[in-house]
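Note sheet for the following structure.
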Amino acid sequence: MDAIMSLCKRRGFIYQASEIYGGINGFWDYGPLGALMKRNLREAWWQDMIMNPAWGRRGPNGEPVRCVPVETCIIQHPRVWEASGHVGGFNDPMVDDRETKQRFRADHLCAVWNSLKLEEHHTELPRDKPFVSVIASTPGEAVAHIQSNPKLLRPYRLHGSFKVSPFDDRVWVAEASDKDATLLLLVRAVEVDEIRAHHDLIPSPFTQKRSVLTEPRQFNLMFFTYTGAVFNEDAKVYLRPETAQGIFVQFKNVVDTTRVKMPFGIGNTGRSFRNEVTPRNFTFRSREFEQAELEFFCHPSESREWYAFWRDFRMEWWKSIGLAGDNLVLREHDKDELSHYSQGTSDVEYRFPFTAPGFGELEGIAHRGDFDLTQHQKHSGARLEYFDQERGELLPNGSRRGERYIPHCIEPAAGLDRGVLALICEAYTRDESRPSPEFMKFHPRIAPIKAAVFPLVNKDGMPERAEALHAELNRRFGRQGLIETDAKQTIGKRYARMDEAGCPFCFTIDGQTMTDQTVTVRDRDTGGQTRIGIDRVAAFLSDRLGD
RNA sequence: GCGGGCGUAGCUCAGUGGUAGAGCGCUACCUUGCCAAGGUAGAAGUCGAGGGUUCAAGUCCCUUCGCCCGCUCCA
C-alpha cells in the first residue's frame with residue numbers, strides 16, 4: 001500500500017488536502033491524473049446508469065430500463081434529515097466502557113435497583129447504586145434481557161425466577177427471591193443526565209464493573225453550518241451525509257414534470273460529508289467524498305426482481321471497468337444484518353491491500369421498500385404516492401382503472417472515491433523483469449492518459465510527424481482524456497513514464513514511418529509492438545476506447 | 001477517542017548536540033537511437049509546526065498537526 005500511495009503522490013493522482021499547512025485529517029485532493037481518472041469513472045457511471053442504463057438491456061419486465069438524472073443540493077431543509085433518520089441516529093450521545101472499549105447509546109441504558117420503597121426511586125436516582133445495567137431502550141426489554149441471561153444476577157445469588165409487573169411506562173418491578181429472602185427489584189431507564197452526573201456509580205452493561213464508563217459524549221457524524229447571518233439553532237443546517245435523500249425529496253417533482261412511467265430510476269451524483277470518528281486507509285474513509293446513487297422505483301410486486309437485476313448488473317459493471325479479478329466479490333447481507341424495512345442488501349466489495357484478507361465496501365445495493373418515500377410523506381405531509389394508469393382492472397373502454405401506491409425502491413449506491421482507489425490498487429502491477437517494473441494496468445476507459453505519440457528520435461522530420469499525429473488524435477479524443485506527446489530523452493524512459501501513468505497505447509514515429517507511412521503501437525501490458533498505418537491510428541484508438 | 005510506530009528534497013531514505021546529505025526522479029545541453037544507457041550542468045529543504053533547554057538543536061524536552069498499525073466507530 002505504501003508503494004501505491006507513493007506512486008499516487010509522485011505521479012499526481014492523489015494529494016493530501018492542504019498539505020503545505022500540515023494536511024487535514026480525512027480530506028484528500030486529486031491531482032491532474034487523479035482528477036481525470038475520477039471524471040472517467042463518473043462519466044462511465046453516468047453513461048451506463050442514466051444515458052444507456054444497464055448497457056441497453058431489458059429489465060425483468062421485458063422493457064428497456066429508463067433512468068433520469070437530478071442534481072440536488074448539499075444543504076437541504078433540516079427536516080429532511082429528521083425524516084431520513086440521520087438526525088437522531090447520528091446525533092445521539094454515546095457512552096464508552098473505558099476498559100472493554102465498547103460503546104453504546106446513552107439513551108439505551110436501563111438499570112436494576114434493589115428497592116424497598118417504590119415511590120422514592122420513581123423520579124430520582126437512589127442513593128444506593130444500581131447493581132446491574134443492561135443495554136435496552138425500554139424497561140420491558142431490559143427485563144426480558146435479564147430473564148434470558150440469568151447469570152447477570154448470579155453474583156447476588158438470585159436465580160432466574162421473577163415475578164414481573166410493569167408499574168408504569170417507565171418502571172417495572174420484579175420480585176426475585178433466593179433461599180432466604182424476597183427482594184423487590186426496580187427496573188427503569190437511566191436518563192442521560194443521570195449518567196452524566198453518576199457515570200462512576202453505574203455499572204458497565206458489558207462487565208457490570210463500576211468506574212469504567214465515560215460521560216455521555218456527542219458524536220456528530222453530520223457536519224453543520226448556518227444559513228443567513230445569524231448563528232443560532234434555528235439557522236442550523238447540515239451538509240448531506242448521502243445524496244440519496246435529494247432524490248426522494250424531489251421524487252414528486254420528477255414524476256409531475258417529466259412524463260416518467262413506473263418503473264424508472266433517478267440518478268444523483270455529488271459530494272457528501274460525514275464527520276467520521278476515525279478517517280483511515282487513504283481515501284477509503286474520507287470526511288468529504290463523492291457518491292453516485294441511483295434510486296430505482298417500481299411496483300412492490302416487481303421489487304425483488306429489480307433488486308436482483310441491479311445487484312447483478314452492478315457487479316458486472318465494476319468488472320467491466322477493470323476489477324475483473326477475484327479481489328471483487330458480491331456479498332449478500334445476512335437476515336440479521338438487514339434494516340427492518342429491507343428485503344435484501346448486497347455489497348460489492350473489493351479486497352484492498354489494507355483490508356486484505358478482508359474486503360471493503362465499494363457499493364451497496366439495497367432493497368429499501370417504501371421506507372424513504374413513506375418517511376418523507378409522513379414528515380412533510382406531501383402525498384408521494386404514484387398513480388399507475390397501467391395497473392388495476394380492465395375497463396370496458398380498454399383502459400385500466402389505475403392503481404395508487406407508494407413505489408418500492410432499489411438503491412445501488414456507489415462511492416466514487418472508493419472506486420478510484422480500488423481501480424488504482426487493482427491496476428498497480430510490479431514486474432521486476434521489465435525495464436519499468438512498476439506500472440498501472442488501467443482499463444482504457446478509465447485511464448487518464450488515453451494514448452501517447454512519440455518521435456523515436458528528435459530529428460529527421462520525426463518530431464513534426466509526431467506533432468501532426470498528436471494534434472489529430474487530440475482533436476478527436478481529447479474530450480475522453482489526455483493525449484500525450486514527448487520528444488525528450490530516450491524512448492525507453494518515455495515508455496516507462498507512460499507505464500507508470502497507466503497509458504495503454506504509445507504510437508511511435510520512426511525511420512520507417514517516413515518511407516512506408518506506418519507507426520509502431522506499443523502495448524502497455526505486454527511491451528509488445530505491432531505496426532499499423534498512420535492513417536489507421538484514429539480508428540485503432542476509437543476501437544479500444546469505446547468511442 | 002485509547003495504545004503503539006513514524007514525520008529530513010517530488011519519491012525512497014542516511015544523518016554521533018557543531019557547515020543540510022545520498023540514490024532515484026525533475027530541468028537544460030551533449031552523445032546515443034525501440035524499452036528508466038552515459039556525460040556535463042542546474043533547480044529543488046524555515047529537517048511537519050510551535051515553544052523550551054543549550055554558546056550551539058534535524059538530533060534533547062514539552063505541546064500540537066499529519067500519516068501508518070491495533071482497538072473503537074462506520075448509510
Side-chain angles (χ1 to χ4, degrees), chain A residues 1-3 5-12 15-28 31 81 84-86 89-90 94-105 214-215 217-219 221-222 240-245 272-282 284-287 289 291 293 333 339 342 345 347 353-354 360-361 363-366 368 371-372 411 413-415 433-439 454-460 462 488-500 506 508-512 519-524 526-529 531:
Chain A
M1 196 59 211
D2 288 349
M5 287 176 69
S6 124
L7 184 138
C8 280
K9 167 93 189 272
R10 197 166 71 239
R11 299 310 313 238
Y15 307 130
Q16 201 181 3
S18 307
E19 193 186 279
I20 61 170
Y21 287 99
I24 174 163
N25 196 358
F27 297 90
W28 299 89
W81 310 115
S84 69
H86 288 95
F90 277 0
M94 306 290 283
V95 178
D96 288 340
D97 178 328
R98 281 191 293 258
E99 196 177 65
T100 67
K101 310 288 186 194
Q102 283 170 288
R103 176 177 290 171
F104 60 92
R105 278 175 62 165
T214 63
E215 277 189 58
R217 290 175 297 188
Q218 205 88 19
F219 291 88
L221 257 53
M222 274 201 289
R240 66 181 172 199
E242 60 173 40
T243 55
Q245 296 305 321
S272 293
F273 302 81
R274 287 181 205 169
N275 205 351
E276 298 287 354
V277 180
T278 313
R280 198 160 284 192
N281 290 332
F282 205 19
F284 183 77
R285 182 171 299 141
S286 305
R287 289 184 164 135
F289 56 100
Q291 295 181 295
E293 299 195 281
H333 284 209
S339 325
S342 183
T345 299
D347 288 342
F354 48 78
E361 180 186 342
E363 168 160 356
I365 300 102
R368 298 185 61 87
F371 177 77
D372 302 276
E411 174 189 86
S433 69
R434 288 166 61 116
S436 52
E438 225 173 13
F439 67 108
F454 298 139
L456 179 62
V457 292
N458 205 3
K459 58 184 182 192
D460 300 337
M462 294 181 206
K488 297 285 174 69
Q489 299 184 312
T490 64
I491 192 72
K493 210 167 215 178
R494 286 177 276 164
Y495 287 152
R497 261 200 288 261
M498 286 301 112
D499 283 349
E500 240 183 28
C506 295
T508 301
I509 311 287
D510 58 12
Q512 196 179 330
V519 299
T520 64
V521 185
R522 173 186 178 274
D523 181 89
R524 173 196 64 204
T526 63
Q529 288 184 0
R531 293 198 79 89

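Note on naming: letters A, B, ... go to the chains in the order of the sequence lines (proteins, then strands), and numbering restarts at 1 for each one. Please read all numbers here as calculations on a predicted model, not as lab measurements.
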Problem set entry | Phosphate contact (B:C11 OP1 or OP2) by A:Lys9 side-chain N/O below 4.0 Å | yes
Exercise. So, A:Gln245 versus A:Ser84: side-chain donor-acceptor pair below 3.5 Å or not?
Worked result: no
Problem set entry | Protein-nucleotide distance (A:Arg11, atom CZ; B:C24, atom C1'), rounded to Å | 13 Å
Seminar exercise, completed: From the candidates B:C74, B:A36, B:C34, the one with an atom nearest any side-chain atom of A:Arg285 is B:C74
For this session: Please measure how far the P atom in B:G48 lies from the corresponding atom in B:A57, and state the result in whole Å.
Result: 15 Å
Exercise. With both distances under 3.5 Å as the test, what is the Watson-Crick or G-U wobble partner of B:C34?
Worked result: none
Exercise. Could you give the CZ-to-C1' distance, from A:Phe354 to B:C69, as a whole number of Å?
Worked result: 13 Å
Problem set entry | A:Phe439 six-ring centre to A:Arg524 NZ/CZ under 6.0 Å and within 45° of normal | no
Exercise. So what's B:U27 paired with, Watson-Crick or G-U wobble, going by both distances under 3.5 Å?
Worked result: B:A41
Exercise. For B:G7, what is the paired nucleotide under Watson-Crick or G-U wobble rules, both distances under 3.5 Å?
Worked result: B:C65
Problem set entry | A:Asn25 vs A:Arg287 side-chain heavy atoms within contact, under 4.5 Å | yes
Exercise. Between A:Met5 (CE) and B:C68 (C1'), how many Å, whole number?
Worked result: 8 Å
Exercise. Given the C1' atoms of B:G39 and B:U31, what is the spacing between them in whole Å?
Worked result: 8 Å
Exercise. P atom, B:G23 versus B:C61: distance in rounded Å?
Worked result: 32 Å
Exercise. What is the nucleic acid contact for A:Ser84, judged by heavy atoms within less than 4.0 Å: base, sugar-phosphate only, or nothing?
Worked result: nothing
For this session: Please determine, for the side chain of A:Gln16, which listed nucleotide (B:C11, B:C67, B:A37) has the closest atom?
Result: B:C67
Exercise. B:C67, B:A36, B:C34: which one has an atom nearest the side-chain heavy atoms of A:Trp28?
Worked result: B:C67
Exercise. For B:U59, which nucleotide is its Watson-Crick or G-U wobble mate, given both distances must be under 3.5 Å?
Worked result: none
For this session: Provide the distance between the two P atoms, one in B:U64 and one in B:G58, to the nearest whole Å.
Result: 22 Å
Problem set entry | Nearest-Å distance for atom pair CD1/C1', residues A:Ile24 and B:A49 | 15 Å
Exercise. What is the nucleic acid contact for A:Gly31, judged by heavy atoms within less than 4.0 Å: base, sugar-phosphate only, or nothing?
Worked result: nothing
Exercise. What distance, rounded to whole Å, do you find between the two P atoms, one in B:U63 and one in B:G17?
Worked result: 22 Å
For this session: Using both distances under 3.5 Å as the test, list the Watson-Crick or G-U wobble partner of B:U53, or none.
Result: none
Problem set entry | Positive for salt bridge (Lys or Arg N to Asp or Glu O under 4.0 Å) with A:Asp510, one of A:Arg531, A:Lys459, A:Arg522 | A:Arg531
For this session: State which of B:C11, B:C74, B:G33 makes the closest approach to the side chain of A:Lys459.
Result: B:G33
For this session: Mind checking A:Glu411 for me? I need base, sugar-phosphate or nothing, with any heavy atom below 4.0 Å counting as a touch.
Result: nothing
Exercise. Do A:Phe284 and A:Phe354 have ring centres separated by under 6.0 Å?
Worked result: yes
Seminar exercise, completed: The Watson-Crick or G-U wobble partner of B:C13, with both key distances under 3.5 Å, is B:G21
Exercise. A:Gln291 has an atom CD; how far is it from atom P of B:C74, in whole Å?
Worked result: 17 Å
Exercise. Salt bridge check: are A:Arg10 and A:Glu438 linked by an N-O gap of less than 4.0 Å?
Worked result: yes
Exercise. In whole Å, what is the span from the CG atom of A:Leu456 to the P atom of B:C35?
Worked result: 9 Å
For this session: Take atom C1' in B:G4 and the same atom in B:G42, then report the distance between them in whole Å.
Result: 43 Å
Exercise. Can you find a heavy atom in the side chain of A:Phe27 that is under 4.5 Å from one in the side chain of A:Ser18?
Worked result: no
Exercise. Taking the C1' atom of each, how far is B:G45 from B:U8, in whole Å?
Worked result: 8 Å
Exercise. Rounded to whole angstroms, how far apart are CD1 on A:Ile20 and P on B:G66?
Worked result: 16 Å
Exercise. What does A:Phe282 touch in the nucleic acid at a heavy-atom separation under 4.0 angstrom: a base, only the sugar-phosphate, or nothing?
Worked result: sugar-phosphate
Exercise. With respect to the phosphate group of B:A28, does any side-chain polar atom (N or O) of A:Lys488 fall under 4.0 Å of OP1 or OP2?
Worked result: yes
For this session: Whole angstrom is fine here: how far is it from CD in A:Gln489 over to C1' in B:C29?
Result: 12 Å
Exercise. When we call it a touch if two heavy atoms are under 4.0 Å apart, what does A:Asn281 touch: a base, just sugar-phosphate, or nothing?
Worked result: sugar-phosphate
Seminar exercise, completed: Looking only at B:A36, B:G33, B:C68, the nucleotide nearest the A:Pro437 side chain is B:A36
For this session: Using a 4.0 Å heavy-atom cut-off across all strands, classify A:Thr490 as base, sugar-phosphate, or nothing.
Result: base
For this session: Please figure out whether A:Glu242 or A:Thr520 has its closest RNA chain B nucleotide nearer the 5' end.
Result: A:Thr520
Exercise. Using the P atom in both, what is the distance from B:C11 to B:C71, to the nearest Å?
Worked result: 29 Å
For this session: Check whether the side chain of A:Arg522 and the base of B:C35 form a donor-acceptor pair under 3.5 Å.
Result: yes
Exercise. Quick one: does A:Glu500's side chain get under 4.5 Å of A:Arg497's, heavy atoms only?
Worked result: no
Problem set entry | A:Asn25 side chain near B:C67 phosphate (N/O to OP1/OP2, under 4.0 Å) | yes
For this session: Could you check A:Arg287 against A:Glu500 and say which one's nearest nucleotide on RNA chain B is further toward the 5' end?
Result: A:Glu500
For this session: Under a 3.5 Å limit for both distances, which nucleotide forms a Watson-Crick or G-U wobble pair with B:G70, could you say?
Result: B:C2
